[in-house]
There are 2 protein chains.
Amino acid sequence: MDESSVVRARDVARKAGVSTSAVSRAFTAGASIAPETRRRIIEVAEEIGYKPDLIARSLTSGRSNIVGIGVGNLDNPFFADSLNRLSSAFATAGLRVLLFPATAQGASEAQVHEVLQYRLDALILLSTNLSSSLANQCRNAQIPVIMYNRTTADPGRVSSVTGNNHGGARAIAAHLVAAGHRRPCFMAGHDDASTSTMREEGFGGYFRDRGLPPPMRETGHFTREGAAAATRRLLTLPEPPDAIFCANDHMALATIDVARAEFGLDVGRDISVVGFDDVPMASWPSFALTSYAQPVDEMVAETLAIALALGEGATGPVHKVIEGRLVLRGSTRRLPPASKPPHEG
Amino acid sequence: MDESSVVRARDVARKAGVSTSAVSRAFTAGASIAPETRRRIIEVAEEIGYKPDLIARSLTSGRSNIVGIGVGNLDNPFFADSLNRLSSAFATAGLRVLLFPATAQGASEAQVHEVLQYRLDALILLSTNLSSSLANQCRNAQIPVIMYNRTTADPGRVSSVTGNNHGGARAIAAHLVAAGHRRPCFMAGHDDASTSTMREEGFGGYFRDRGLPPPMRETGHFTREGAAAATRRLLTLPEPPDAIFCANDHMALATIDVARAEFGLDVGRDISVVGFDDVPMASWPSFALTSYAQPVDEMVAETLAIALALGEGATGPVHKVIEGRLVLRGSTRRLPPASKPPHEG
DNA sequence: CTGAAAGCGCTTACAG
DNA sequence: CTGAAAGCGCTTACAG
């Protein structure tokens, strides 16, 4: 079992009585080699423990079989879940994942430039922005870029896979209006993120279309602390909201905690809270968070499909919107309150 | 800004009037090159957008500047958090992280063998087991292996960074006994994991040392579903436990949910629940989980330090145990109940 | 189907 | 301090 040093193609070739070219072909799908020759080479390779050196292979083939994933903050369980499944999906397709953690203040150019030093087959950006200069360079280097759960101002250059932000937010608005809420509020993430702006636009649009007054607005910065602070500001207002739609579940969970623990509210009766994503925690009984479900499996499968297609030299960028669905749970009521409106006594 | 194709060392050399050797030296810390020469080369490189190809560099230098991280299930927020910080820490040290997701039924040999095909500077295993055959091969290939949050049966071959499993579990036992619990239970993960067995040993040892009856035992398989099922079994017993120590927070959170939502128990009064890790969620008001805190920052820093040291060709494997501390929260009571013991009426 | 040769883009002794 | 040459371990036209 113990080999005293690493085995090379040369060793296999020698032992099998063939050239290193043949060894290479034996390990290359679809290469022109006699089946019997391949069988024998593979046999010898297994016997002496040979595997092609992937670094060398990358250098000659120009492909690395590595995709980069630029990640921001994995605190958000939606990202953790997505990364988990993305890496499994890519592994199954024979691709490895190289992580590019964004630095504190967003993906610093210099840092992310490293992307180009590896010969990535693709670069996936998990809810992370891409400077247009880096987008350019990726294009020059023939590295397809796919934004996951975010779109870009530059749709002609990079692909994207997102949920139905607009439709989901409208469905949420409809749900809150049907339940008789009078003072709804949108809690934004930040304005650079399409996940925040498109959800806000869809939400606000529903009210606008019906001539209803526009919802209130706060900003939670997509962080737990930010959302908690925003909730405190809202709930100490003279006329606080009776429903809060947070741009994602990560913030909504913080909102529930603060409303319940610090203001003694019964979430789902005294106030409604809605999120977006339907992370696993949303269904935990401690939260029972109403949320618009983004199907991570589908988003991941689509991301993989695009990466593979672009690898084959497919056409231009593609933009895929995955349908989700509104999941109603205990954090929102379904009907208007029986008698007088809330917050009036 | 747009370069039409990728720039090579040769291009820089030509433009700067030097050899490619000089270019290489300019980008190699500590290489023997005149400061003025280096300055000029770097200047030209920046001008035309040159960065060394890391794949080629790996091939010649034998080092990849990539560390592999074998990950199991990122559902457990402790792992998500750890991975997040590990990748940032390594990035800061100029190392990239390549993800090796374990397949469903543990790290299948064939899959993980790929580790060896890259020239990893180190392999970190996040609560994941390593077969001794792979451990051998890593050693032959000179790839240091560091187990994070787990130890191994093979301490002479691989390094490890863990929390104080034994001490932490004893502190938890002491806490529960001091609060007057009579029917404590340990919820195991699975018996291949030192994080489960060592915590069980520490916990049980406290009772044994004092001549107290041994705690009850259930198995939650380190998953949310497994822990929920275990909790249901326990709470439908004729004589259910009055305190449950779960081998990690991930299971403890599920235990709280089930006890509260399905059995109507007031956690912290009717029953005590304790975890291990102190994940961020443990401090959320919805859970207020008493837990033994494992300092992720320290564990990550230590892992990095070991990886770096072993990269410099340090001596044998090192085993580091990081001290934590018991964090008391509302999920456990601190004093014995005033009158008669619980669950007696 | 197969092998000899060139080459991927670097780094590293070796001379100077 | 510097450059020419060899080499890292593969793959890929090119002949045969």
Side-chain angles (χ1 to χ4, degrees), chain A residues 3 5-42 44-45 48-66 94 114 116-121 141-142, chain B residues 3 5-42 44-45 48-66 114 116-121 141-143:
Chain A
E3 289 87 36
S5 98
V6 183
V7 184
R8 298 300 167 209
R10 185 196 309 129
D11 307 315
V12 179
R14 197 141 39 200
K15 183 140 192 195
V18 295
S19 68
T20 58
S21 315
V23 175
S24 172
R25 291 189 187 104
F27 282 91
T28 306
S32 125
I33 184 175
E36 166 57 17
T37 311
R38 167 173 278 152
R39 198 197 53 68
R40 190 158 38 91
I41 292 174
I42 297 290
V44 171
I48 66 180
Y50 169 76
K51 297 252 184 180
D53 179 314
L54 262 22
I55 297 282
R57 172 176 273 186
S58 296
L59 187 60
T60 53
S61 68
R63 306 189 72 223
S64 63
N65 284 313
I66 296 178
E114 286 203 36
L116 300 170
Q117 302 184 262
Y118 296 92
R119 309 183 163 201
L120 300 182
D121 288 5
Q142 313 260 46
Chain B
E3 287 88 36
S5 99
V6 182
V7 185
R8 299 299 167 208
R10 186 194 308 127
D11 307 314
V12 178
R14 198 140 38 202
K15 183 141 191 192
V18 295
S19 68
T20 58
S21 315
V23 175
S24 172
R25 289 187 188 107
F27 282 91
T28 306
S32 127
I33 184 176
E36 166 56 17
T37 311
R38 167 173 278 154
R39 199 196 52 69
R40 192 157 38 89
I41 292 174
I42 297 290
V44 171
I48 65 180
Y50 169 77
K51 297 251 185 180
D53 179 313
L54 263 21
I55 298 281
R57 171 177 274 186
S58 296
L59 186 60
T60 52
S61 69
R63 305 191 72 223
S64 63
N65 283 314
I66 297 177
E114 286 203 35
L116 301 170
Q117 301 184 261
Y118 296 92
R119 308 183 164 200
L120 299 182
D121 287 6
Q142 313 260 49
I143 299 175

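Throughout, a chain's letter reflects where its sequence line sits, starting with A, and its residues are numbered from 1. All figures in this text were calculated on a predicted structure; none of them were measured in a lab. Computed from heavy atoms alone, side chains included, the values below leave out hydrogens, waters and symmetry copies.
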* Taking only the side-chain heavy atoms of A:Thr28 (C-beta and beyond), determine which of D:dT11, D:dG3, C:dT11 contains the nearest atom. => D:dT11
* Asked: Does the side chain of A:Thr60 get closer than 4.0 angstrom to OP1 or OP2 of D:dC10 through an N or O atom?
  -> no
* Counting heavy atoms from C-beta on, name the nucleotide in D:dC1, D:dT11, C:dT11 closest to the side chain of B:Ser32. => D:dC1
* Among D:dA4, C:dC1, C:dT11, which nucleotide sits nearest the side chain of A:Ala34? -> C:dC1
* **Length of the line joining A:Tyr118:OH and C:dG9:P, which is rounded to integer Å** => 17 Å
* To do: Would you mind classifying the nucleic acid contact of B:Arg119 as base, sugar-phosphate or nothing, using non-hydrogen atoms under 4.0 angstrom?
  => sugar-phosphate
* Asked: Which whole-number value in Å describes the distance from A:Leu59 CG to C:dA6 P?
  -> 18 Å
* **side-chain N/O A:Ser19 vs C:dG3 OP1/OP2, d < 4.0 Å** => yes
* Sugar-phosphate only, base, or nothing, as touched by A:Val23 at under 4.0 Å among non-hydrogen atoms -> nothing
* Across the strands shown, which category fits A:Ile33 at heavy-atom distances under 4.0 angstrom: base, sugar-phosphate, nothing? -> sugar-phosphate
* **Gap between atoms CZ and C1', on B:Arg14 and C:dG9 respectively (whole Å)** => 14 Å
* To do: With DNA chain D as reference, determine whether A:Ala9 or B:Arg25 sits nearer its 5' end, using the nearest nucleotide of each.
  => B:Arg25
* Asked: Taking OP1 and OP2 of C:dC1, is either one under 4.0 Å from a side-chain nitrogen or oxygen of A:Thr37?
  -> no
* Find the distance B:Arg38:CZ to D:dC1:P and express it as a whole number of Å. => 10 Å
* Name the nucleic acid region contacted by A:Phe27, choosing base, sugar-phosphate or nothing; use a 4.0 angstrom heavy-atom cut-off, strictly under. => nothing
* To do: State whether A:Tyr50 places a side-chain N or O below 4.0 Å from either non-bridging phosphate oxygen (OP1 or OP2) of D:dC10.
  => yes
* Do any N or O atoms from the side chain of B:Arg40 and from the backbone of B:Ala16 form a donor-acceptor pair under 3.5 angstrom? -> yes
* Please report the shortest heavy-atom distance between A:Arg119 and A:Ser64, naming the atom on each side. => O-OG, 2.5 Å
